[in-house]
Amino acid sequence: MNKRDVTGRNDDSLAAYLLGLGQQGKSAASVLSIASTDNKNNALRLMAEALGDAESIILEANECDIETASELDDALIDRLKLSPQRVSDMVSGVLSVAALPDPVGFVTDLVSRPSGIDVGRMRVPLGVVGVVYESRPNVTADVAALCIKSGNAVILKGGSEAFASNKVIAEVTSSAIVAAGLPKGAVQLVESKDRNAVNAMLNLSEHIDVVIPRGGKGLVELVSTEAKMPVIKHLDGICHVFLDDSADEKKAHDIALNAKTQRFGTCNTMETLLATPVAAKNIFPRLIESYSNLAVELRGCDRTRKFSPKILEASSADWGTEYLGPILSIKIVDDLDTAISHIAEYGSRHTDAIVTEDRKNARDFIRKVDSSSVVVNASTRFADGFEYGLGAEIGISTDKFHARGPVGLEGLTSQKWVVIGDGDVRR
């Protein structure tokens with residue numbers, strides 16, 4: 001007997017359904033790849049307007065998702081929940097993408113060769129982008145905007161916990177895109193809660209050119225293992241802030257507090273605080289009190305625990321744990337090199353920061369820490385596509401190919417060689 005999901009689609013038709021989405025995506029991608037910048041920007045402006053007009057409908061659908069997902073922990077609920085401000089942020093994000101330069105068709109490094117030919121490279125869309133994500137319904141709008149502007153079609157597979165929210169946002173987005181004269185298949189949502197839909201999607205290597213997972217470690221590992229196409233990903237967000245001897249007390253307090261508590265459930269939230277003994281003596285008393293006032297559970301090494309009886313003993317597993325909640329591990333290290341060694345051993349190459357007034361330490365930290373974002377005297381929470389001027393981000397990559405860090409418009413393109421001659425032949 002065939003299992004049937006809530007959308008009425010059974011297992012036998014799931015693969016055919018995903019194949020249909022892939023075929024429509026390929027067809028749409030061929031149109032988008034040559035769409036003008038004006039046409040794409042017009043689609044984004046209509047999309048932003050439509051999202052703003054649909055705010056009440058989006059929030060109503062989101063409330064249904066919240067009620068259904070009441071068993072999720074607070075961090076996941078925070079990722080799932082929309083508000084008027086978050087809808088407004090979605091609208092602003094779409095408009096900011098429209099305002100960015102269009103990378104498609106841009107030719108760089110055009111040089112004349114001794115043979116007489118001119119050689120350069122042109123940015124071109126990747127094709128069809130598949131995105132598998134959990135919670136965060138704002139991703140639906142962010143990803144759609146980035147893919148449209150970069151000339152790519154996109155197939156979205158959101159989590160079942162955000163099904164109603166994603167469906168409304170995708171419908172609003174698709175209608176606006178069609179109204180602008182672009183193909184309906186440019187933005188498609190997989191309207192199935194069946195987990196097998198992800199596996200079916202990951203087998204469409206002939207129709208999806210790259211897949212991007214956004215979610216927990218289990219989801220990213222599944223996509224990385226099963227995908228038959230290239231994957232842009234980050235596995236964990238184990239981010240560090242290191243306070244050295246010269247760290248300004250106010251800067252260190254504010255940065256370390258913000259990096260952990262501005263939002264708990266994000267991948268660029270600090271999970272481990274490192275400090276030298278001098279920095280700990282100067283900064284920890286006030287900082288520990290601030291964490292306590294915000295109900296953050298602290299787990300520390302033996303030297304750290306001397307600062308407060310409230311600090312629990314950290315286990316070896318804590319240094320490599322992404323909490324995504326109000327828990328922080330703290331370790332006192334001897335010096336900069338020890339901090340860098342700790343980050344190399346336990347970090348996830350996502351985002352790591354130093355608070356210092358020592359220029360040499362700042363330079364050494366930037367040079368030696370092998371992370372996709374390295375930060376000096378600022379919160380790790382800035383590691384974000386919008387904050388980096390990308391308009392939004394389709395994901396964050398900790399790999400070194402083909403994109404690294406927040407992935408925006410340029411990360412959704414590749415390059416092809418362009419050769420221009422005037423009757424030249426090779427001799």
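Hydrogens, waters and symmetry mates play no part in the numbers below; they use all other heavy atoms, side chains included. Throughout, numbering of the chain's residues begins at 1 and tracks the sequence. Keep in mind that this is a model prediction, so the values were computed, not measured.
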Using side-chain heavy atoms (C-beta onward) and a distance below 4.5 Å, is L18 in contact with L21?
yes

Nearest heavy-atom contact between A200 and A15 is CB-CA, 4.5 Å

Shortest non-hydrogen contact between A280 and P285, atoms and distance:
O-CD, 3.7 Å

Less than 3.5 Å apart, any donor N or O on the side chain of S135 or R79 sitting next to an acceptor on the other?
no

Looking only at atom types and distance, does a side-chain atom of D352 sit under 3.5 Å from a main-chain N or O of H240, one as donor and one as acceptor?
yes

Going by distance alone, is a donor N or O of one side chain under 3.5 Å from an acceptor N or O of the other, for D399 and S397?
no

Distance-only side-chain donor-acceptor flag, T37 / D102, under 3.5 Å:
yes

In plain terms, say whether K81 and D74 are close enough for a salt bridge, that is, a side-chain N and a carboxylate O under 4.0 Å apart.
no

More than 12 heavy atoms from other groups under 6.0 Å of CD on E357:
yes

Donor-acceptor check, side chain of S174 to backbone of E171, threshold 3.5 angstrom: yes or no?
no

Among Q262, R381, E387, R263, find the residue that satisfies the side chain to side chain contact (heavy atoms under 4.5 Å, CB included) test when tested with N268.
R381

Any idea which heavy atoms bring M47 and A141 closest together, and the distance?
CE-O, 3.3 Å

Could you tell me if D194 and S192 have a donor-acceptor pair between their side chains, going purely by distance under 3.5 Å?
no

Salt bridge check: are E49 and R45 linked by an N-O gap of less than 4.0 Å?
no

For the side chain to side chain contact (heavy atoms under 4.5 Å, CB included) test, which of V375, V374, D364, T351 pairs with V369?
V374

What heavy-atom pair brings P326 and A295 nearest, and what distance separates the two atoms?
CB-O, 3.9 Å

Give me the ring orientation class for F365 and F242: parallel if the planes are under 30° apart, tilted from 30 to 60°, perpendicular past 60°.
parallel

Got a salt bridge between K306 and D302, using NZ or NE/NH1/NH2 to carboxylate O under 4.0 Å?
no

Can you tell me if D358 and T356 form a side-chain donor-acceptor pair at under 3.5 Å?
no

Does the side chain of L336 reach to within under 4.5 Å of the side chain of I354, using non-hydrogen atoms?
yes

Test side chain to side chain contact (heavy atoms under 4.5 Å, CB included) applied to L51 and V87, step by step:
CA-CA 8 Å; L51 287 169; V87 174; 5.5 Å; no

Side chain to side chain contact (heavy atoms under 4.5 Å, CB included) for K157 and V131? Distances and angles first, verdict last.
CA-CA 6 Å; K157 176 63 180 78; V131 182; over 6 Å; no

Which residues satisfy the ring-ring contact (aromatic ring centres under 6.0 Å, His included) test with H207, sequence neighbours excluded?
none

Side chain to side chain contact (heavy atoms under 4.5 Å, CB included) for I396 and C267? Distances and angles first, verdict last.
CA-CA 9 Å; I396 290 179; C267 61; 4.0 Å; yes

Does any N or O in the side chain of H402 come within less than 3.5 Å of the main-chain N or O of G411, such that one atom is a donor and the other an acceptor?
yes

Do any pairs count as a salt bridge (Lys or Arg N to Asp or Glu O under 4.0 Å) and have a residue in residues 219-231, sequence neighbours left out, and if so which ones?
none

Heavy-atom closest pair (I155 atom, M201 atom, distance to 0.1 Å) is O-CE, 3.4 Å

Okay, side chain of Y17, backbone of E191: is any donor-acceptor separation there less than 3.5 Å?
yes

Any donor-acceptor pair under 3.5 Å from N42 side chain to A180 backbone
no

Looking at E249 and R286, is there a salt bridge between them, counting it only when a charged N and a carboxylate O are closer than 4.0 Å?
no

F106, CZ: over 12 other non-hydrogen atoms inside 6.0 angstrom
no

Student check: side-chain heavy atoms of D384 and T266 closer than 4.5 Å
no

Applying salt bridge (Lys or Arg N to Asp or Glu O under 4.0 Å) as the test, list every pair that has at least one member in residues 322-342; sequence neighbours left out.
R303-D334, D337-K368

When you compare the side chain of I330 with that of R299, does any pair of heavy atoms fall below 4.5 Å?
no

Measure from the side-chain N and O atoms of S96 to the backbone N and O of G93, and report whether any donor-acceptor pair falls under 3.5 Å.
yes

Could you check D236 against S348 for side-chain hydrogen bond (donor to acceptor under 3.5 Å, both in side chains), going step by step and ending with a plain yes or no?
CA-CA 6 Å; D236 295 304; S348 60; 5.8 Å; no

Checking the side chain of N152 only, and the main-chain atoms of P125 only, is there a donor and an acceptor separated by less than 3.5 Å?
no

Is there a donor-acceptor pair under 3.5 Å between the side chain of K193 and the backbone N or O of E161?
no

Sub-3.5 Å donor-acceptor pair from the side chain of N282 to the main-chain atoms of V278, do we have one?
yes

Check whether T225 reaches the backbone of L222 with its side chain - one donor and one acceptor, N or O, closer than 3.5 Å.
no

Does F307 CZ have over 12 foreign heavy atoms under 6.0 Å away?
yes

Do the non-hydrogen side-chain atoms of Y133 and N166 ever get within less than 4.5 Å of each other?
yes

Under the side-chain hydrogen bond (donor to acceptor under 3.5 Å, both in side chains) rule, what do S246 and D244 come out as? Steps first, then yes or no, please.
CA-CA 6 Å; S246 69; D244 78 355; 2.9 Å; yes

Do S315 and D318 get their side chains close enough for a donor-acceptor pair, meaning under 3.5 Å?
yes

Run S372 and H234 through side-chain hydrogen bond (donor to acceptor under 3.5 Å, both in side chains) and show every step you take.
CA-CA 10 Å; S372 64; H234 79 270; over 6 Å; no

Start with the C-alpha distance between Y291 and T261, add both sets of side-chain angles, then the distance that settles side-chain hydrogen bond (donor to acceptor under 3.5 Å, both in side chains), and finish with yes or no.
CA-CA 8 Å; Y291 284 135; T261 67; over 6 Å; no

Quick one: do the S329 and T272 side chains pair a donor with an acceptor below 3.5 Å?
yes

Could you check if a side-chain atom of C239 sits within less than 4.5 angstrom of a side-chain atom of S371, using non-hydrogen atoms only?
no

SB check D370 K400 (cutoff 4.0 Å):
yes

Heavy-atom distance under 4.5 Å between the side chains of L274 and I343, does that happen here?
yes

Identify the residue among I148, L146, I177 that makes a side chain to side chain contact (heavy atoms under 4.5 Å, CB included) with L44.
I148

Electrostatic pair D78-R86, nearest N-O below 4.0 angstrom:
yes

Does the side chain of S33 reach to within under 4.5 Å of the side chain of V104, using non-hydrogen atoms?
no

Can I169 and M90 be said to form a side chain to side chain contact (heavy atoms under 4.5 Å, CB included), step by step?
CA-CA 10 Å; I169 295 170; M90 276 198 291; 4.0 Å; yes

Shortest non-hydrogen contact between D65 and S165, atoms and distance:
OD2-OG, 2.5 Å

